[in-house]
Participant: 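Structure incoming, see below.
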Amino acid sequence: MPELSHRRRMLVLSICCMSLLIVSLDNTALNVALPSMQRELHATTSGLQWTIDAYTLVLASLLMLAGSTADRIGRKRVFMAGLVIFTAGSLLCSLAPNLELLVVFRMVQAVGGSMLNPVAMSIITNTFTERRERARAIGVWGAVVGISMAAGPLAGGLLVESVGWRSIFWVNLPVGLAALLLTLRFVPESRAPRPRRPDPVGQVLVIALFGSLTYAIIEAPDASLTKVLPFAAVAVAALLALLIYEPRRAEPLIDLRFFHSAPFSGATGIAVSAFAALGGFLFLSTLYLQNVRGLDALHAGLWMLPMAVPTLLCAPLSGRLVGSRGPRLPLLIAGAAMTVSGLLFALFEAETSDVTLFLGYVLFGVGFGFVNAPITNTAVSGMPRTQAGVAAAVASTSRQLGQTLGVAVIGAVLAAGIGSSPYRGTFVSAARPGWWILAACGAAVLVLGLLTSGRWAHRTAERTAERLETAEVRQPVGTSG
């Protein structure tokens, strides 16, 4: 990629952030619309879970493929294809006549989305080559998540109340088209000097692992053990096959050598934990505010602002702290705030009081605002630049897998606790185990942040990068195991 002027780099960052905005905005706005969709489409709790998890599941399954493909055939080309597919999928979602087709169209959306975030992060990584400048750029990137969390529930609630839940998908159309035209004009093409060949076996195993695991978790409360166990067995078999098969390939879909780096492994675990907490938090909150408190979508969106605004304010601060002091302090703040938030709900039933509900939302927003920038920076900074697409894709996969599992596990716990009872009578007690799980996710962020951000961890990252670079020099271009 040629050296770009400061103005051009800022423009490239803005275009990449537009792609993140439509993907993130879509998810946060959709959460507010869940009760309206439940009524119109006659959906069960598991049906609502699938409208979210069908999207995040496909994203998690295809992100690594998209990252490596972009490194191979061109990041700009793959990014533009993703914008086209995501925008078309959004249009189809707005026209879905029933829950089943909505789930299918959400999967189409996700195919496009898988080509956006990891590829955009790879473009950013190759555009901003200086460490502190890149950390600040990633901080801006993380702030977009805060913007989507702030604008998503409010815009979603306004659209649901005034037009209907289908209008949420219409927002993606003009933004996606504008991003497509700007990308065509201003984003330079780039590729990895030594791109890797496809790994179809690894890709099938990843899909089998994520899909069967998610199905087993979501359907467990309603399906018999004989229906769930085969999917759980497939998940275990796929995981074992990945661990055996991938190290034997010279160019694997998942390069397990990345995980020899303690910061990279820690970033992966933190991403899964933090985004599992986010997925479960949003799922519980929107159902509580509308189905238990009886708020309409707009007022439910307003109630989520105490969570969204701190995320918006803390994300750029986190990026600056990562650039100046490293990832440890932001991760410790994030883990502590998310843990305390979960404990407020688990121990003190924070949702039953306006004051404690507000405080719980603020704390979670602070925690999530601080967590995103150190995840991304840690995941890509210790890897060779030639593998930036794959490293960023693993980090993005961890986020989406975490959100998928968060919705699946928390939704299953809630469904098992409620059963056939009305929401208003049983929600608080049924949700308590879910809040304990969210507190545990926050504690995992805290512990992993402490363990994987010290000098020892950085030495493992340096050794891993050296081994990967040495292996790249020794291996001929385009070979595979």
Side-chain angles (χ1 to χ4, degrees), residues 1 12 15-24 26-27 54-90 106-127 141 172 176 179-180 183 187 189-192 194-211 242 246 249 251-255 258 268 271 275 375-376 379-380 383 385-404 480:
M1 179 183 289
V12 170
I15 295 168
C16 290
C17 287
M18 288 176 69
S19 72
L20 177 63
L21 180 63
I22 57 175
V23 173
S24 301
D26 189 79
N27 270 339
Y55 179 83
T56 55
L57 179 60
V58 172
L59 271 182
S61 300
L62 298 182
L63 281 170
M64 286 177 288
L65 174 64
S68 59
T69 301
D71 282 346
R72 184 171 60 255
I73 70 173
R75 293 163 183 138
K76 177 179 179 178
R77 183 179 301 176
V78 172
F79 187 68
M80 290 178 64
L83 286 169
V84 171
I85 297 172
F86 183 86
T87 304
S90 299
R106 287 280 288 164
M107 296 171 74
V108 173
Q109 254 192 321
V111 172
S114 70
M115 303 178 190
L116 296 179
N117 287 4
V119 181
M121 179 51 60
S122 182
I123 292 171
I124 291 173
T125 303
N126 282 270
T127 300
W141 170 268
N172 299 331
L180 179 64
T183 302
V187 175
E189 184 60 281
S190 64
R191 296 178 179 84
R194 293 178 177 269
R196 303 191 302 176
R197 295 178 62 183
D199 178 10
V201 175
Q203 183 61 60
V204 170
L205 289 174
V206 166
I207 293 173
L209 170 60
F210 292 172
L242 276 170
E246 291 296 277
R249 285 185 57 87
E251 298 173 305
L253 177 71
I254 305 174
D255 196 333
F258 283 9
T268 302
F275 278 76
I375 289 173
T376 306
V380 301
M383 297 295 118
R385 283 182 58 199
T386 55
Q387 300 299 333
V390 179
V394 174
S396 295
T397 297
S398 303
R399 290 182 175 90
Q400 299 303 329
L401 178 61
Q403 194 163 349
T404 301
S480 64

Participant: State whether the side chain of Glu246 and the backbone N or O of Leu253 hold a donor-acceptor pair below 3.5 Å, judged by distance alone.
Facilitator: yes
Participant: Has Gln203 got a side-chain atom pairing as donor or acceptor with Ser61's backbone, closer than 3.5 angstrom?
Facilitator: yes
Participant: Start with the C-alpha gap between Leu21 and Cys17, add the side-chain angles, then the distance that decides, and say whether side chain to side chain contact (heavy atoms under 4.5 Å, CB included) holds.
Facilitator: CA-CA 6 Å; Leu21 180 63; Cys17 287; over 6 Å; no
Participant: Starting at CD1 of Ile375, measure out to OG of Ser398 and round the result to the nearest 0.5 Å.
Facilitator: 8.5 Å
Participant: State, to 0.1 Å, how close Ile15 and Ala179 come at their nearest heavy-atom pair, and which atoms those are.
Facilitator: CG2-O, 4.1 Å
Participant: Rounded at 0.5 Å granularity, tell me how far CG in Leu116 sits from CG in Leu59.
Facilitator: 9.0 Å
Participant: To the nearest 0.5 Å, how far apart are NZ in Lys76 and CD1 in Ile123?
Facilitator: 9.5 Å
Participant: Between CG of Leu65 and CE of Met115, what distance do you get to the nearest 0.5 Å?
Facilitator: 8.0 Å
Participant: Closest approach of Pro198 and Arg72, non-hydrogen atoms and distance?
Facilitator: CG-NH2, 3.7 Å
Participant: Report yes or no: does Glu189 contribute a side-chain atom to a donor-acceptor pair with the main-chain N or O of Arg75 at less than 3.5 Å?
Facilitator: yes
Participant: Tell me the closest heavy-atom pair linking Thr397 and Ala60, and the distance in Å.
Facilitator: CG2-O, 3.2 Å
Participant: So which of Thr69, Val58, Leu63 actually passes side chain to side chain contact (heavy atoms under 4.5 Å, CB included) with Ser114?
Facilitator: Leu63
Participant: First locate atom CZ of Phe258, then atom OG1 of Thr268, and finally report the distance between them rounded to the nearest 0.5 Å.
Facilitator: 10.0 Å
Participant: Tell me which donor-acceptor pairs under 3.5 Å the side chains of residues 78-86 have, and how far apart each pair is, sequence neighbours excluded?
Facilitator:
none

Participant: What closest approach, in Å, do Gly202 and Leu242 show between heavy atoms, and which atom pair accounts for it?
Facilitator: O-CD2, 3.9 Å
Participant: Working to the nearest 0.5 Å, report the span between CD of Gln109 and OG1 of Thr87.
Facilitator: 9.0 Å
